[in-house]
Amino acid sequence: MLLKASRMAGRRALKAVLIDLSGTLHIEDTAVPGAQDALNRLRQASVAVKFVTNTTKESKRILFERLKRLNFNLQENEIFTSLSAARSLLEQKQHRPLLLVEDSALEDFTGIETSEPNAVVIGLAPDHFNYSTLNKAFRMILDGAPLIAIHKARYYKRKDGLALGPGPFVTGLEYATDCKATVVGKPEKTFFTQALSDLGCSPSEAVMIGDDARDDVGGAQNAGMLGILVRTGKYREGDENKISPAPHLTCDSFPDAVEHILQNLL
Amino acid sequence: MRTSHFVMADTGWPGCAKSLKGVILDLCGVLYDSGEGDGVAIPGSIEAVKKLKESDLQLRFCTNETQATREKFVAKLRRLGFDISVSEVFPPAPAAIAVLKERGLRPHLLVHDGLLPEFDGVDKTNPNCVIVGDAAENFSYQNLNEAFRVLIGLEKPVLFSLGQGRYYKETDGLKLDVGVYMKALEYACDLKAEVIGKPSPTFFQSVLNDMGLQPHEVLMIGDDLLNDVGGAQHCGMKGVQVRTGKYRSSEGLCLCVSSGLLRFIPVFFSLRTHGCERLRGRPPCPPRRSSSGVESGELGGDGPRGSGRQICS
């Protein structure tokens, strides 16, 4: 208890909670038991809530609709994705991207010019991760096109088991071309600070809840937030030992994380 | 006719020529160039192999070829006119099979269809390791995912990569090589692959074991400075880089740079017989980045040479 107190000493009151989606609130089309009620309890406290996700297969609208179907209480503008972060970067640099993203995510890039591409954007796109498309991307990068990674997740959980994320393919292309990708999603610091920016609070006033030790908790803590690791989704035994510092808390699932926040962090 | 073909970058020559008891030759870029059909034999190479075989030297061939079985590509070389047999050739797959046997491992294979027959006699049930080769079109998301799932499900995951090339050149452009997918799986599973094939020291050692010779008694001749020559010298062998491939970098890493077997072999034999052949050489070239953009001394990236399967103009 003393240890916890001293770690909490430098922190200001909690103002915002960032919540991961896939693996934390739901797994594909099934909500984590008790998560909807836990979210409602959290909303009754005076904290802002934002849903942050590296999910790149789906547009904001699709994510929002799924969460509504699962009876979660939220607004579409509370969702911040790595696709949003990628789009901002493309607009900023005026790149014309080769978009290796699932069709369902393309709508988040409407309005961006894609003819005669001069940049490669890699999201989670199993359909595009075939030999011939990757060769195409590879040759573009060798010719000077910047490589933008929506995120570098190693793997994620599907109904049928674990599946490769974009990270391995981005790493492979980095090796092939001797270039470094610009990563816009978790665990990049800017992702977290961007997510908090319109909530008017600093990282030291925020906590992140997620199932990915490195990308959710490690990334958030690196940005100055507290991190809570939940043992659902892609969590595997011992993940809490893979980051330093260790998660502020490791607990069974989202409802437990909310209880902890309500009792200890407000 | 060119007046000088050799760069003597180190001492040891010509004296060491006499103490050599074996020679290892790379295949693509040294004996032949790949291209349409079987490719084409490099001028002088057929005779060079013949001469080496007629001598008292032991001769072996080393390659990172993993798109076809030994039998298939030796047959191709024989069609081109080379006197070469399967037992003399060392590609990565048989070396990998030996390792599997030694360590009691059963592989999940992510390789080119053409390589599968090489693994016919191997127990692939209930795999406890993954072998990745230059699988080309077989590098689909699904296949990669399957390999990943095998690894992530193992308590002690083991990944073997048959070579570690970044890319190679074919008639229809540059293609990603096995090293890229090795890195992908390393990242996904947070592990390090074991490379079987050039430039792994264990690989070269297996050839030496077969020859029954010590490293200092063997000369490696290749066109890839890092994977062939660098790898061999790292094990204590002597290295000669030939310039018959596209790869033209010369950094003084190797003892001698020759324009080809055509030129080198006669001189080599002369050195062995007479011991003091006077050569018109020029000073070693200063270290520089090759046109392929590969850093010298880096035993990893090998630029456009890739696994050696490059079209030479």
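- Atoms NE2 and CD, on B:H112 and B:E65 in that order, are 9.0 Å from each other to the nearest 0.5 Å.
- Between the CG atom of A:D211 and the CD1 atom of A:I27 there is a distance of 7.5 Å, given to the nearest 0.5 Å.
- Proximity to chain B is limited to the backbone of A:N130, based on heavy atoms less than 4.5 angstrom apart.
- Contact annotation for A:T133: neither backbone nor side-chain heavy atoms come within less than 4.5 Å of a heavy atom of chain B.
- Ring centers of A:F51 and A:F80: at least 6.0 Å apart, outside the cut-off.
- Side-chain contact, A:T190 with A:T193: no donor N or O sits under 3.5 Å from an acceptor N or O.
- For the set A:D127, A:T171, A:N135, A:L164, the count of heavy-atom pairs under 4.5 angstrom toward chain B peaks at A:L164.
- Contact annotation for A:L142: only side-chain heavy atoms (C-beta onward) come within less than 4.5 Å of a heavy atom of chain B.
- Put simply, the side chain of A:Q221 gets close to the backbone of A:G227: a donor and an acceptor are under 3.5 Å apart.
- Between the side chain of A:N118 and the backbone N or O of A:R96, at least one donor-acceptor pair lies under 3.5 Å.
- Looking at A:D212, A:D239, A:D216 one by one, the single match for side-chain hydrogen bond (donor to acceptor under 3.5 Å, both in side chains) with A:K234 turns out to be A:D212.
- At a heavy-atom cut-off of under 4.5 Å, chain A is reached by B:A188, B:D190 from residues 188-197 of chain B, listed in order of number.
- Between B:C235 atom SG and B:F203 atom CZ the span is 11.0 Å, to the nearest 0.5 Å.
- Neither the backbone nor the side chain of B:A135 comes within less than 4.5 Å of any heavy atom in chain A.
- Contacts between residues 144-156 of chain A and chain B, counted as heavy-atom pairs separated by less than 4.5 Å, involve A:K152, A:R154, A:Y155, A:Y156.
- Using a 4.5 Å heavy-atom threshold, the side chains of A:H128 and B:Y141 count as separate.
- Between A:E58 and A:R66 a salt bridge is recorded (basic side-chain N to carboxylate O distance below 4.0 Å).
- Of all the listed residues (A:G167, A:A163, A:S132), the one sharing the greatest number of non-hydrogen pairs under 4.5 Å with chain B is A:A163.
- By the neighbour-count criterion of 12 heavy atoms within 6.0 Å, atom NZ of A:K242 is densely surrounded, having more than that number from other residues, nucleotides or ligands.
- Counting heavy-atom pairs under 4.5 Å between each of A:G165, A:P168, A:G161 and chain B puts A:P168 at the top.
- The CG atom of B:L109 sits 6.5 Å away from the CG atom of B:L116 when rounded to the nearest 0.5 Å.
- Interatomic distance, B:R149 CZ to B:L154 CG, rounded to the nearest 0.5 Å: 14.0 Å.
- Proximity to chain A involves both the backbone and the side chain of B:F139, based on heavy atoms less than 4.5 angstrom apart.
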